[in-house]
Amino acid sequence: MYQSLESTITSEVAAHVHIRYGITLPVVIEQPKQSSFGEMALPIAFQLAKELRRAPKAIATELIEELPAIDGVSKMEVAGNGYINLRLNRAAYAINALAGITVAAQTSGKIIVEHTNINPNKAAHIGHLRNAILGDTFVRMLRAAGNQVEVQNYIDNTGVQVADVVVGFHYLEKKSTAEVKALAAAPRFDYLCWDLYARTSSYYTDHKEALDWRAQTLHAIEAGEGELAELATIVADAIVACHLKTMLRLGVVYDVLPRESEILHLQFWAKAFELLKERKAIELAAEGKNKGCWVMRAEAFASSDDEDMDKVIVRSNGTVTYVGKDIAYQMWKFGLLGKDFFYRLWHTYPDGKQLFASSDVPADANHKFGAGSKVFNVIDSRQSYLQDVVVAGLKALGFNEQAANSIHFSYEMVALSPRTCVELDIDLSDEDKKRPYVEVSGRKGLGVKADDLIDKLIENASREVDARHADKSEADRKKAATAIAIGALRYFMLKYTRTSVIAFDFQEALSFEGETGPYVLYATIRSRNILKKYGPELPDFKSVLTADVFSRQLQDEDLWQYILAATRLDSAIDKALTAGEPAHMARFAFQLAQSFTNFYHGYQVLSEQDKEKQVFLLWLTEQFRSQLERALGVLGVEMPDFM
RNA sequence: GCGCCUGUAGCUCAGCUGGAUAGAGCAACUGGCUUCGAACCAGUAGGCCGGGGGUUCGAAUCCCUCCGGGCGCACCA
């Protein structure tokens, strides 16, 4: 409701300003610092003051006199040096909120969001959790605003990391294919590979000659033949299954898994290579350190034309680098490659949703993916250099529009707090101990595994639930504890803005008090309980609550403020999307919960004697409940039945 | 050296892309459970928004500069 009023006001004021002054300005609506100033504030006079070279206050006064009446606004007044404060028609606002008036969703083309992208060679860790939760929440925000979204999780199943685990099994552990297959079918295969990967990595540092095994393995994988290639497939497929399972625990699902193996087999790169050469986006270096390589000139992606900065796309031995493959993949996402994958059903989620993976054999699955109009790549900020190169590639090919619509949805890494490192027995240098956070290495097998963290959170939540609800069955308690734990985790990962490094600390992550997911859940449960415990059937609000009733009840300033708070969700989603910041969404949900909690303490709904007021309070409670649940849905947090 | 990010309460962070008296949570202190469940609430205390210049009606926010911290800058992904 709030959002639709906002859009009415901005468009009417903008139209007036355009006609009256011949100036086109974006009209901004702010929330006054003090509620006594009114519900909305327009700083438009300040914006106009620059162009008109007149005092803001005079312009504001003039605007108020000349602006035609706006539906829903009862009063306008000049305040401060030139603010225009608006007071709303409370009863009309409430009536519209009751009717569920919303802004029509905008329809644009398909948006592709790529996230998670974990190397399929070891268990997921907390850094991957941030990526997936950020990506998944952004997807939910986009969908809540009416966009069509496709979620992709890219699988690099032919890379060095997978090869290293294969080297570990084959050369170090001397395992047969059958043995590896058996291990892959057993639980916690991702944990086993986590350790094996670390062991192989450290083996290389002492035995440089072993790097030859890696080269052989990579070669075999690329050729797609022999025992080593088969091992790679077993490992990668089994680990992908582990990752999907971990992500499903968090409510994160995907539409399609484009895999690097098909990018290779279906000659995506060859096609892109032709185009890059044809349009002179890359050139063959005739001399210098990159002699014999196809390179993208530095000037295309950096503010330098230094030859040393040129990026190699095709190595002197003719093989393509990661960036090259990524350019091909990015082109496919926009439907620019003139090629598509085949697809096969990878698996079906418990709710019936189907997940497809790319395939190189023609199948009858009639599914089409890719060819989006806008692409968000959720990748941590350490890869911004490579993302810049990919975008520069599109630009060099002449795809300027697509380059502009390729968005690196970057975020900072998840490091560990020194305290948590100590808990995990990670050796720290004296220098590290002084830092606020320490970056840990997956290659060394250090870090916090995603499933371990989730297990620990569930354990914690279980303790609380068990203590409060001895009467419930163990299964019900476990279910509630799981929902609370996941809510806590998702909120924790979301409450930091993208540019903030998370110094992961067990104590903080395991906290269920204050600005946390459980706080929001608790408020929602309370709203639900009031409605549940109200004896008779809930009244039919739409017929009982008339404009008269609203204008009587809304003379209470606090109640009016609660209505405003409980009708802002759509506006909040919109703003968070514009800012590209899921953290704003999380914060809004928290503030909404705070607002309801205040209402909860200020008004006794069930014991209210005045019948008319009670119906009104019930409706307000219901309004809070539905908005809180929707907000949690956007955050991907599921409700426990009790807590 | 070049590029990107960053410095706000004791700690962890917001601050809606220039607006009114800079906000939360944690920790600390004082209170509140026979109430729609205290995973909560009310209150107290805590800030030269890293320093200095500039832009203007107005700066935590934009520009310059200095200081401090992080991350990138492979024929690895």
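Order of the sequence lines sets the chain letters (A, B, ...), proteins ahead of strands, with each chain counted from 1.
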Exercise. Looking at E622(A) and R625(A), does any basic side-chain N land under 4.0 Å from a carboxylate oxygen?
Worked result: yes

Problem set entry | Side chain of P32(A) - closest among C16(B), A39(B), A20(B) | A20(B)

Exercise. Which nucleotide in the list G23(B), C71(B), A39(B) gets nearest to the side chain of M643(A)?
Worked result: A39(B)

Seminar exercise, completed: Side-chain contact check for A79(A): nearest option of G72(B), A20(B), A77(B) is A20(B)

Exercise. How is Q591(A) classified with respect to the nucleic acid when contacts are heavy atoms under 4.0 Å: base, sugar-phosphate, or nothing?
Worked result: nothing

For this session: Pick base, sugar-phosphate or nothing for D164(A), based on heavy-atom distances below 4.0 Å to the nucleic acid.
Result: nothing

Exercise. So which nucleotide from C40(B), G70(B), A20(B) ends up closest to the side chain of Y437(A)?
Worked result: G70(B)

Problem set entry | Sugar-phosphate only, base, or nothing, as touched by K291(A) at under 4.0 Å among non-hydrogen atoms | base

Exercise. Which nucleotide in the list A20(B), C75(B), G25(B) gets nearest to the side chain of K289(A)?
Worked result: C75(B)

Exercise. In whole Å, what is the span from the CE atom of M413(A) to the P atom of G69(B)?
Worked result: 15 Å

For this session: Report which part of the nucleic acid S384(A) touches: base, sugar-phosphate, or nothing (heavy-atom distance under 4.0 Å, all strands).
Result: nothing

For this session: State whether F588(A) and R568(A) meet the cation-pi test: NZ (Lys) or CZ (Arg) under 6.0 Å from the six-membered ring centroid, and within 45° of the perpendicular axis.
Result: no

For this session: Please state whether the base of G15(B) and the side chain of H584(A) form at least one donor-acceptor pair under 3.5 Å?
Result: no

Exercise. E515(A) has a side chain; which of G25(B), A77(B), C73(B) sits nearest to it?
Worked result: G25(B)

Problem set entry | G58(B) to A20(B) separation - C1' atoms, rounded to the nearest Å | 10 Å

Problem set entry | Between G37(B) (P) and L521(A) (CG): distance, integer Å | 16 Å

Exercise. Base, sugar-phosphate, or nothing for R435(A), non-hydrogen atoms under 4.0 angstrom?
Worked result: sugar-phosphate

Exercise. NA contact type, L531(A), heavy-atom cut-off 4.0 Å: base, sugar-phosphate, or nothing?
Worked result: nothing

For this session: Answer with base, sugar-phosphate or nothing: what part of the nucleic acid does S500(A) contact at a heavy-atom distance below 4.0 Å?
Result: sugar-phosphate

For this session: Indicate whether any N or O donor in one side chain lies under 3.5 Å from an N or O acceptor in the other, for T116(A) and N153(A).
Result: no

Exercise. How would you label the contact of Y600(A) with the nucleic acid (heavy atoms, under 4.0 Å): base, sugar-phosphate, or nothing?
Worked result: base

For this session: Send over the distance from H408(A) NE2 to C5(B) C1', rounded to a whole Å.
Result: 12 Å

Exercise. Touch check for V605(A), heavy atoms < 4.0 angstrom, all strands: base, sugar-phosphate only, or nothing?
Worked result: base

For this session: Take N529(A) and R526(A), measure what side chain to side chain donor-acceptor pair (under 3.5 Å) needs, and give me the verdict at the end.
Result: CA-CA 5 Å; N529(A) 284 346; R526(A) 281 172 146 180; over 6 Å; no

For this session: Check every strand shown and say whether A41(A) touches a base, only sugar-phosphate, or nothing at a heavy-atom separation below 4.0 Å.
Result: base

Exercise. In whole angstrom, what separates F588(A)'s CZ from C13(B)'s C1'?
Worked result: 20 Å

Problem set entry | From C13(B), A39(B), G37(B), nucleotide with atom closest to Y496(A) side chain | C13(B)

Seminar exercise, completed: Closest of G72(B), G37(B), C41(B) to the K533(A) side chain is G37(B)

For this session: Applying ring pair (Phe, Tyr, Trp, His ring centres under 6.0 Å) between Y519(A) and each of F492(A), F590(A), Y491(A), report the one that passes.
Result: F590(A)

Seminar exercise, completed: When rounded to whole Å, the OH to P distance for the pair Y385(A) and C71(B) reads 19 Å

For this session: Answer with base, sugar-phosphate or nothing: what part of the nucleic acid does Q31(A) contact at a heavy-atom distance below 4.0 Å?
Result: nothing

Exercise. Whole Å only: how far is the CD atom of E299(A) from the P atom of G3(B)?
Worked result: 17 Å

Exercise. Can you list the steps and then say if D164(A) with T200(A) is a side chain to side chain donor-acceptor pair (under 3.5 Å)?
Worked result: CA-CA 6 Å; D164(A) 283 346; T200(A) 308; over 6 Å; no

Exercise. Is R526(A) near enough to C40(B) that one of its side-chain N or O atoms lies under 4.0 angstrom from OP1 or OP2?
Worked result: no

Problem set entry | Pairwise P distance for A27(B) and G23(B), with rounding to whole Å | 22 Å

Exercise. Is the closest side-chain heavy-atom distance between T567(A) and Q623(A) below 4.5 Å?
Worked result: yes

Exercise. With a centroid cutoff of 5.5 Å and a plane-angle limit of 30°, would you call F37(A) stacked on A20(B)?
Worked result: yes

Problem set entry | Touch class at under 4.0 angstrom, heavy-atom based, for I484(A) against every strand present | base

Seminar exercise, completed: Of A74(B), A77(B), G72(B), the nucleotide closest to the side chain of R382(A) is G72(B)

Exercise. For U34(B), does the O4'-C1'-N9-C4 (purine) or O4'-C1'-N1-C2 (pyrimidine) torsion place it in syn, i.e. within 90° of 0, or in anti?
Worked result: anti

Problem set entry | Interatomic distance where CG belongs to D505(A) and C1' belongs to C13(B) [whole Å] | 14 Å

Exercise. Under 6.0 Å from the six-membered ring centre of F642(A) and within 45° of its axis: does the NZ or CZ of K472(A) meet both?
Worked result: yes

For this session: Find the distance Q604(A):CD to U35(B):C1' and express it as a whole number of Å.
Result: 6 Å

For this session: Among A77(B), C40(B), G37(B), find the nucleotide with the atom closest to the side chain of Q383(A).
Result: A77(B)

For this session: Give N598(A) one of three labels, base, sugar-phosphate or nothing, depending on what nucleic acid heavy atoms sit under 4.0 Å from its own.
Result: sugar-phosphate

Exercise. When all nucleic acid strands are considered with a 4.0 Å heavy-atom cut-off, which category describes V465(A): base, sugar-phosphate, or nothing?
Worked result: base

